[in-house]
Amino acid sequence: MRKVQGDLGLMELPELLQWAEMGQKDGTLTVVSRNIYKYFFFRQGELIYFCSKKKGEQLGEFLLSGNYLTRPQLAEALKESRKLGIPFVSFLISKRILSENEATRAMRDLTLTSITDALKWHTGLFEFIEKIPESVINGPIKLNASQLLMLSAVQYDHNSDKVDSGQSFNRIMEDVRRRLATGRIILPSAPQLLEKLNRASEDETSSTQEIGKIVMADQILTSRILRVANSPYYSPTSEITSLQKAMSLIGLSSVKSIAIAHAISRVSPSHQERIRPILEHSLFTAFIAKLCAPHLLLPPEEAFLCGILHDIGKTVLFGLLDGYKLSAEEKEDAIWKLHSEVGYQLARAWNFPAVVQETARFHHSPEHAVQFYSLVMLINLADRLAHSGNLMDFLGEICDTLLVEEDQGKNLLEHIKLLQSSSKELT
C-alpha cells in the first residue's frame, strides 16, 4: 500500500486536490493543521466523500444547520446505518430521507466550506494513502475537485477582502480582473481525455487504432466524430458508421480538436445547457476557418483547432462567476468582457500551442495580436460569420479578405450557409 507524505508549506491543498484528480487517484488524502484534520476520499480522481474533525464541518452538523434533517431524524439514521453496516449517505438515500441530488448538494456545500477554510493553511502536514474505507467506497457521491477549488477561491477572496454581497458590477469585474492578473484564479486541470490523447499523440509507437480506442471509450465523443464525418463539410458518398473510417476521412488533427472541445464541455458539469450553444458556435466557427484557411495560405487543421478553442474562456467563467451575486444579464456581460483573457490563461495552463493562446486572447481584437496575425484575423472573421443572421452581408469582406472574385465569394458563403444548418446536429 503506497503512501505519500509531506509538508503543506511545500504543497498546499489546491495542488494536492488537483494532483489526485489529474492522476485519477484512488485513496484517502488527509490534511492537518493546528490539530484540525480533514479527509478527502478519491476514486479514479473523483471526490466521493469528505469528512472533518473541525466543529461545524461534520456531516451531521451540516445537515442539521442546512435544514436537510431534523435532530431526531439524524440520530435515528446514524443509529440504523451503523447497525446495518451501511454508509450513512447511502442509508439516507435508500430510505428516501434525502434524494441523491440533495445528498450530493449537501456534500458539495460542506466540502466547499471546508476547502475555503483550508486555503489559509500555509503550515501543516498531508498524507495520501492508497486505501479507501469500506464505509465510503461504494457511496453515490461524485464531485469535481477543480470546480470546488474555483468556487472556494472566489469565496476565500470575498471573505479576505470583506466584499459586500451588494457590491456593484464594476467592483466584481475589478475583483475578477485583479485575480486574473495576480494568478489567484484556480483554473481547472486539463481533462483526463485530453491528457490521454496528448500522451498517445506524442508517442511515436502509437497507432491510429490505439488513438481510436481512447476515443471509443467515450460513446458520446464517438457519436460526435461520426456526425462530423457525415456532415455537409465532408459530404461522404455513403454514410460512415465506422470510427476508423471517420478518423481517416477527417484526419487525426481534427479528431483531436473535436475531442478537446468535447473534454472542455465536461469542465462545468452544472452548466451543460449553457455550454452546448457555445460548442455549437465554436464548431461552426472551426469549419468556416478551415474552409477559408487555404485562401490565406494558412494550415487548415490549425485554423480548425483555433476555431474550436477561441471561446474556451466562456466554459470556465460559468463556474467561476457562480461565486458572485450577479443577475443573468450582468453574468452574460461579465462573460463577454472576460472570456478572452480567461481563455488565454486557460490555454497557457493547459499547454496549448502559442497560436491557440493568441487567438483565444485576441479573436475580438486581431489588431492587438503580436504574432499569428493572419490566423487571428481569420478566426475573428469566422466568429462573426458564425454569429451572423445574414451571411451575404459579408460578401464584400470575404472577397477583400480572402482575395477571391465575387462568384467564388458567393460559393463560399453558400457552403457556409449549408454548414450553418447542420452545426446544431453535430454537438
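- Considering only residues two or more places apart in sequence or on other chains, Trp121 meets the ring-ring contact (aromatic ring centres under 6.0 Å, His included) condition with none of them.
- Within the structure, the ring pair (Phe, Tyr, Trp, His ring centres under 6.0 Å) test picks out no pair touching residues 400-420 (sequence neighbours left out).
- Within the structure, the ring pair (Phe, Tyr, Trp, His ring centres under 6.0 Å) test picks out no pair touching residues 391-411 (sequence neighbours left out).
- Applying the salt bridge (Lys or Arg N to Asp or Glu O under 4.0 Å) test to residues at least two apart or on different chains, the pairs with a partner in residues 378-394 are Arg384-Glu397.
- Contacts of Phe128 classified as ring-ring contact (aromatic ring centres under 6.0 Å, His included), with partners at least two apart in sequence or in another chain: Trp19.
- A distance-only check finds a donor-acceptor pair linking the side chain of Glu358 to the backbone of Val370 [under 3.5 Å].
- Considering only residues two or more places apart in sequence or on other chains, His368 meets the side-chain contact (heavy atoms from CB on, under 4.5 Å) condition with Phe362, Ser365.
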Between side-chain atoms of residues 22-33 and protein atoms elsewhere (two or more places apart, or another chain), which donor-acceptor pairs fall under 3.5 Å?
| unit_1 | atom_1 | unit_2 | atom_2 | d |
| --- | --- | --- | --- | --- |
| Gln24 | NE2 | Gln192 | OE1 | 3.0 |
| Asp26 | OD1 | Gln44 | N | 2.4 |
| Thr28 | OG1 | Lys131 | O | 2.6 |
| Ser33 | OG | Thr123 | O | 2.9 |

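- Within 6.0 Å of the CD atom in Glu329, the count of heavy atoms belonging to other residues, nucleotides or ligands does not exceed 12.
- Within a 6.0 Å radius of OH in Tyr234, other residues, nucleotides and ligands contribute more than 12 heavy atoms.
- In this structure, Ala217 has no side-chain contact (heavy atoms from CB on, under 4.5 Å) partners at least two apart in sequence or on a different chain.
- Partners of Lys290 under the salt bridge (charged side-chain N to carboxylate O under 4.0 Å, His left out) rule, at least two apart in sequence or in another chain, are Glu301.
- In this view, Phe50 and Phe40 satisfy the ring-ring contact (aromatic ring centres under 6.0 Å, His included) rule, not counting sequence neighbours.
- Annotation: ring-ring contact (aromatic ring centres under 6.0 Å, His included) contacts of His281 (sequence neighbours excluded): His310, His387.
- The list of salt bridge (Lys or Arg N to Asp or Glu O under 4.0 Å) pairs with a residue in residues 337-356, not counting sequence neighbours, reads Asp333-Lys337, Glu341-Arg361.
- In the displayed structure, Glu405 atom CD is contacted under 6.0 Å by at most 12 heavy atoms of other residues, nucleotides or ligands.
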